[in-house]
Amino acid sequence: MSPKVRVALLHQGIWDMEKLSMPLALGYLKAYAQQDDRIRDAVEFEIFNYRGADQPVRMVPEVLIARPPDILACSVFGWNFRNFGQLATTFRQIRPQGWTVFGGTHVALQAERVFRLYPDVDVVVNGEGEITFANLLRAHLAGRSKHELGDIRGISFRTASGEIITTEAEPRIKDLDTIPSPFLTGSIPLVDDRGE
């Protein structure tokens with residue numbers, strides 16, 4: 001049996017609060033993707049949730065060194081864009097064939113800027129991420145190249161020659177009941193700071 005594809009899902013809140021902010025968007029991505037039996041059986045997800053003051057010097061050992069992922073997926077906002085961009089650069093050095101996926105309101109429909117500032121980012125998700133991210137996981141599991149994703153809606157990526165391709169938009173989700181609860185599925189475990 002081949003090892004599972006490791007996916008690191010990263011969130012970083014804006015404030016350095018005593019309590020971590022909830023990585024809700026990542027919980028929805030994970031819960032939606034795990035509805036697919038093939039993804040559930042072949043992919044291991046880990047959510048990393050950081051405080052606003054945390055820097056890449058803390059993230060790199062935890063996310064990239066201890067158990068390097070195959071896919072680094074970041075929920076990007078203005079306050080964590082640089083940290084996650086630096087993490088993408090380090091990830092490329094550790095896993096040259098790995099995929100780095102950026103999503104979130106601060107990068108959507110801004111692929112040219114994202115790729116210029118952080119050329120080690122492979123894919124930008126341009127809208128709601130649940131369906132699109134699951135389709136990216138299916139492409140990865142099928143052995144597809146990160147440079148040949150033109151049939152996946154709602155993304156921007158670069159071809160092997162460096163051309164930026166933006167695919168047609170993924171239609172908005174009309175029935176929110178199609179997205180499982182990240183709490184009821186255990187995608188975000190409801191535990192205390194001791195893991196209990």
Side-chain angles (χ1 to χ4, degrees), residues 2-12 25-26 28-30 32-36 38-39 42-46 48 56 59-60 63-64 67-78 80-173:
S2 59
K4 288 191 172 189
V5 171
R6 294 203 65 250
V7 175
L9 299 165
L10 271 76
H11 171 266
Q12 183 179 29
L26 301 179
Y28 280 120
L29 291 179
K30 178 181 174 184
Y32 186 87
Q34 287 186 319
Q35 291 182 112
D36 182 316
R38 180 156 185 240
I39 292 173
V43 177
E44 175 188 343
F45 295 90
E46 187 169 3
F48 294 88
M59 299 173 190
V60 167
V63 179
L64 304 182
R67 296 179 63 218
D70 302 292
I71 298 174
L72 178 69
C74 301
S75 181
V76 182
F77 295 93
N80 62 32
F81 180 58
R82 287 184 182 175
N83 284 345
F84 289 163
Q86 292 171 13
L87 203 63
T89 300
T90 306
F91 179 56
R92 178 68 68 238
Q93 295 168 359
I94 294 169
R95 281 277 165 101
Q97 301 308 313
W99 292 19
T100 298
V101 179
F102 273 17
T105 56
H106 286 76
V107 294
L109 301 173
Q110 298 180 58
E112 187 174 319
R113 174 178 175 265
V114 172
F115 295 150
R116 177 173 37 84
L117 292 173
Y118 296 106
D120 294 309
V121 173
D122 300 304
V123 178
V124 172
V125 176
N126 291 319
E128 295 173 335
E130 288 81 4
I131 294 171
T132 301
F133 190 63
N135 287 333
L136 287 168
L137 293 175
R138 289 182 191 102
H140 189 280
L141 291 173
R144 302 253 309 271
S145 166
K146 59 189 168 187
H147 303 295
E148 298 173 353
L149 301 171
D151 61 323
I152 297 177
R153 294 186 297 200
I155 64 169
S156 297
F157 69 99
R158 282 167 298 172
T159 65
S161 66
E163 177 188 3
I164 296 174
I165 303 291
T166 296
T167 64
E168 69 176 288
E170 178 67 47
R172 302 275 312 252
I173 298 170

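Being a predicted model, the structure only gives us computed values, none of them experimental.
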Using salt bridge (Lys or Arg N to Asp or Glu O under 4.0 Å), reason through Lys30 and Glu130 one step at a time and then give a plain yes or no.
CA-CA 8 Å; Lys30 178 181 174 184; Glu130 288 81 4; over 6 Å; no
Please round to the nearest 0.5 Å and tell me the distance separating atom [atom1] of [X] and atom [atom2] of [Y].
{"X": "Leu149", "Y": "Thr132", "atom1": "CG", "atom2": "OG1", "value": "11.5 Å"}
{"X": "Ile131", "Y": "Tyr32", "atom1": "CD1", "atom2": "OH", "value": "4.0 Å"}
{"X": "Glu163", "Y": "His147", "atom1": "CD", "atom2": "NE2", "value": "13.0 Å"}
{"X": "Asp70", "Y": "Phe91", "atom1": "CG", "atom2": "CZ", "value": "7.0 Å"}
{"X": "Lys146", "Y": "Ile155", "atom1": "NZ", "atom2": "CD1", "value": "13.0 Å"}
{"X": "Gln93", "Y": "Leu64", "atom1": "CD", "atom2": "CG", "value": "10.0 Å"}

Derivation of the side chain to side chain contact (heavy atoms under 4.5 Å, CB included) call for Val114 and Phe102:
CA-CA 9 Å; Val114 172; Phe102 273 17; 4.1 Å; yes
Any side-chain heavy atom of [X] within less than 4.5 Å of one from [Y]?
{"X": "Arg38", "Y": "Leu141", "result": "yes"}
{"X": "His140", "Y": "Val5", "result": "yes"}
{"X": "Met59", "Y": "Gln12", "result": "yes"}
{"X": "Gln97", "Y": "Arg92", "result": "no"}
{"X": "Val125", "Y": "Leu136", "result": "yes"}
{"X": "Arg138", "Y": "Ile39", "result": "yes"}
{"X": "Phe115", "Y": "Asp122", "result": "no"}

Taking all non-hydrogen atoms of both residues, which atom of [X] and which atom of [Y] are closest, and how far apart?
{"X": "Ala8", "Y": "Val63", "value": "CB-CG1, 3.9 Å"}
{"X": "Asn126", "Y": "Ser156", "value": "ND2-OG, 2.9 Å"}
{"X": "Pro56", "Y": "Asn83", "value": "CD-OD1, 3.2 Å"}
{"X": "Trp99", "Y": "Arg144", "value": "CZ2-O, 3.3 Å"}
{"X": "Ile152", "Y": "Ala139", "value": "CD1-CB, 3.8 Å"}
{"X": "Phe84", "Y": "Cys74", "value": "CD1-CB, 3.5 Å"}

From CA spacing to verdict: side chain to side chain contact (heavy atoms under 4.5 Å, CB included), Val101, Leu72:
CA-CA 6 Å; Val101 179; Leu72 178 69; over 6 Å; no
Pair Glu112 + Arg158: basic N to acidic O under 4.0 Å:
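Salt bridge: no.
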Is the closest basic N to carboxylate O distance between Arg153 and Glu170 below 4.0 Å?
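Salt bridge between Arg153 and Glu170, a charged N being under 4.0 Å from a carboxylate O: yes.
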Where does the angle between the aromatic ring planes of Phe45 and Phe133 fall among parallel (under 30°), tilted (30 to 60°) and perpendicular (over 60°)?
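Aromatic pair Phe45/Phe133 classed tilted.
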Between Asp120 and Gln86, is there a donor-acceptor pair closer than 3.5 Å when you use the side chain of the first and the backbone of the second?
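Flag not set: sc Asp120 to bb Gln86 has no pair under 3.5 Å.
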So, the side chain of Glu128 versus the backbone of Ile173: is there a donor-acceptor pair under 3.5 Å, distance only?
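Such a contact is found between Glu128 side chain and Ile173 backbone.
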Stepwise side chain to side chain contact (heavy atoms under 4.5 Å, CB included) test for Thr100 and Val123
CA-CA 6 Å; Thr100 298; Val123 178; over 6 Å; no
Does atom CD of Gln35 have more than 12 heavy-atom neighbours, drawn from other residues, nucleotides or ligands, at distances under 6.0 Å?
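It does: Gln35 CD has more than 12 such atoms within range.
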Please report the C-alpha distance between Phe81 and Tyr118 in whole Å, then the side-chain angles of each, then the deciding distance to 0.1 Å, and finally whether the ring-ring contact (aromatic ring centres under 6.0 Å, His included) criterion is met.
CA-CA 10 Å; Phe81 180 58; Tyr118 296 106; 5.2 Å; yes
Arg95 vs Ile71, side chain to side chain contact (heavy atoms under 4.5 Å, CB included): CA-CA, chis, key distance, verdict:
CA-CA 9 Å; Arg95 281 277 165 101; Ile71 298 174; over 6 Å; no
